[in-house]
There are 2 protein chains.
Amino acid sequence: MASDLSEKQQSILRFLEEFIAEHDYPPSIRDIQSGCDISSTSVVDYNLKRLEEKGYIRRDREVSRAIELLNGQGERRRRTLQVPVLGKIAAGLPLPVYPDTMAPLEVIDLTEDMTSGRTGNFYALRVQGTSMIDALINDGDLVILEPRETADPGDVVAAWIVDREETTLKKYYPEGKQVRLQPMNATMDPIYEDATNVRVQGRLVGTIRSF
Amino acid sequence: MASDLSEKQQSILRFLEEFIAEHDYPPSIRDIQSGCDISSTSVVDYNLKRLEEKGYIRRDREVSRAIELLNGQGERRRRTLQVPVLGKIAAGLPLPVYPDTMAPLEVIDLTEDMTSGRTGNFYALRVQGTSMIDALINDGDLVILEPRETADPGDVVAAWIVDREETTLKKYYPEGKQVRLQPMNATMDPIYEDATNVRVQGRLVGTIRSF
DNA sequence: TTCCGAACAGAACATTTGTGCCGTGATTTG
DNA sequence: CAAATCACGGCACAAATGTTCTGTTCGGAA
């Protein structure tokens with residue numbers, strides 16, 4: 001990529017990234033001029049127009065420092081999602097239903113690399129206990145969930161098993177009146193439950209563990 | 001938190017977050033004025049000064065739109081680390097030593113929530129195979145590593161077991177001439193190796209799994 | 001009451017900053 | 001070759017924008 005850019009344009013892009021990383025606000029035309037050793041503001045303007053045409057940046061006209069970095073296909077990048085940590089998850093507890101207005105315990109910043117590029121109304125729960133070890137999820141891990149009451153085959157879901165009164169995290173495969181729940185640990189056998197005995201509470205988007 | 005802020009200051013902070021999330025560049029004083037229904041630019045300036053004193057923002061004087069959001073303790077926030085994905089990790093392969101100049105296969109954006117606030121010269125590896133299932137790490141997971149050749153007791157390390165010719169991810173406890181390597185799965189027993197048989201190759205910072 | 005400081009209002013002022021215009025040289029195109 | 005296009009340089013201008021200055025209001029302390 002970036003082979004459709006002149007050397008000066010690449011230099012400007014690099015400068016933009018560095019400047020924004022350092023200051024958290026974009027540079028002015030003249031900042032770019034001196035930062036990239038360009039002789040005139042009009043040259044900077046000229047190349048910024050080319051970069052905008054090619055989908056690497058977006059500018060708001062007439063607004064100072066209004067340069068937004070894009071990914072080269074005209075899409076926004078570096079967007080972070082603020083995901084609220086609403087509580088904890090444990091085998092013996094159903095996922096509580098949290099009111100939208102509930103104040104989160106904590107908010108974590110996720111990048112789209114963590115959600116496979118998907119966006120949605122995610123929330124996070126802290127795993128308590130080792131009961132989900134069969135899902136390769138440990139005590140203290142953070143699970144990212146998308147609230148849902150249905151799931152597509154193959155989705156990893158948080159499901160409440162009614163008669164056992166427990167929450168489990170497994171791959172979801174509806175099979176007629178039954179549901180096959182496949183542990184993520186491939187060496188383990190699936191369990192089968194009657195469809196009426198399984199309540200999907202959310203779709204698992206990802207898990208995070210830090211040491 | 002945020003109880004040391006007046007209502008107007010909280011309103012300004014919220015507006016700043018929304019504006020930056022939407023535009024990727026900060027608002028001008030007058031943007032804040034109209035966005036928060038404030039009567040005068042000087043009132044905005046006044047409250048921005050208070051916010052700066054209290055460590056919620058940082059401003060560069062005389063530079064337009066130069067407002068950077070801080071976390072309330074004067075620390076930068078929302079900083080993302082660009083972590084290169086340098087290759088893959090599998091039980092039967094030692095961690096290759098990657099030259100600093102090597103072009104990464106891919107770069108992922110991480111927030112500090114993913115690294116427990118630590119920063120460093122991290123890199124990431126994609127896990128191949130299920131051989132690390134005992135470390136609760138699955139095929140396809142991403143492990144974040146900090147290159148190190150020594151470790152403190154209790155660190156989770158990537159270690160090369162010389163005579164077995166395999167890489168393992170375990171908690172590291174030096175015990176005299178021996179090293180106790182404790183699986184992360186608490187139900188599993190540790191293994192003991194001669195210290196000369198264990199080569200620490202990196203410290204595990206975190207793992208990420210997305211579905 | 002008086003005093004004082006926090007918070008606000010309004011307007012003028014000085015920079016900062018994007019933009020437009022005119023021109024030049026190199027390269028490409030017909 | 002002539003014309004068009006691209007990339008650039010220099011400069012002036014107008015708009016955007018942060019700053020400052022002078023007051024005003026209001027509540028609490030002395």
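Just so you know, these numbers come straight off a predicted model, no measurement behind them. Protein chains get the first letters and strands the later ones, always in sequence-line order, with residue 1 at the start of each.
Comparing A/Ser40 and B/Arg50 by the nucleotide of DNA chain C whose heavy atom lies nearest to each, the residue mapping closer to the 5' end is B/Arg50.
The nearest whole Å value for the distance from the CD atom in B/Glu7 to the P atom in C/dC8 is 11 Å. The distance from atom NZ of A/Lys49 to atom C1' of C/dG20 is 9 Å, rounded to the nearest whole Å. When the C1' atom of D/dG10 is taken as reference, atom CD1 of A/Ile29 falls 16 Å away, rounded to whole Å. The nearest whole Å value for the distance from the CD1 atom in A/Ile67 to the P atom in C/dT17 is 12 Å. Atom CZ in A/Arg65 sits roughly 10 Å away from atom P in D/dG18 (whole-Å rounding). Atom CG in B/Asp60 sits about 12 Å away from atom P in D/dG18, given to the nearest Å. The distance between atom CG of A/Asp31 and atom P of C/dT17, rounded to the nearest whole Å, is 6 Å. If you measure from atom OH of B/Tyr46 to atom P of D/dT24, you get 18 Å, rounded to the nearest angstrom.
When side chains are defined from C-beta on, B/Leu204 does not count as touching B/Ile144, because their heavy atoms never get closer than 4.5 Å. Residues B/Tyr172 and B/Arg203 are not in side-chain contact: their nearest non-hydrogen atoms beyond the backbone lie 4.5 Å or more apart.
Contacts of B/Ser42 with the nucleic acid, taken as non-hydrogen atoms under 4.0 Å apart, include base atoms. Backbone-only contact: A/Ser28 has heavy atoms under 4.0 Å from sugar-phosphate atoms and none from a base. Using a 4.0 Å heavy-atom cutoff across all strands shown, B/Asn47 reaches sugar-phosphate atoms only and no base atom.
Using cut-offs of 30° and 60° on the angle between ring planes, the pair B/Phe19 and B/His23 is parallel.
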Could you please spell out the steps behind the salt bridge (charged side-chain N to carboxylate O under 4.0 Å, His left out) verdict for A/Arg65 and A/Asp31?
CA-CA 10 Å; A/Arg65 298 172 182 271; A/Asp31 289 335; 3.2 Å; yes
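Listed nucleotides C/dT17, C/dG20, D/dC8 differ in distance to A/Lys8; the shortest reach to its side chain belongs to D/dC8. Distance from the side chain of B/Arg30 is smallest to D/dT19 among C/dT17, D/dT19, C/dA7. For A/Arg59, the listed nucleotide lying nearest its side chain is C/dT19; candidates were C/dT17, C/dT19, D/dT19. With D/dT19, C/dA6, D/dT17 as the candidates, the nucleotide lying closest to the side chain of A/Val63 is D/dT17.
B/Ser64 has a side-chain polar atom (N or O) that falls below the 4.0 Å cut-off from OP1 or OP2 of C/dT17.
Closest approach of A/Pro27 to A/Ile20, counting heavy atoms only: CD-CG1, 4.5 Å.
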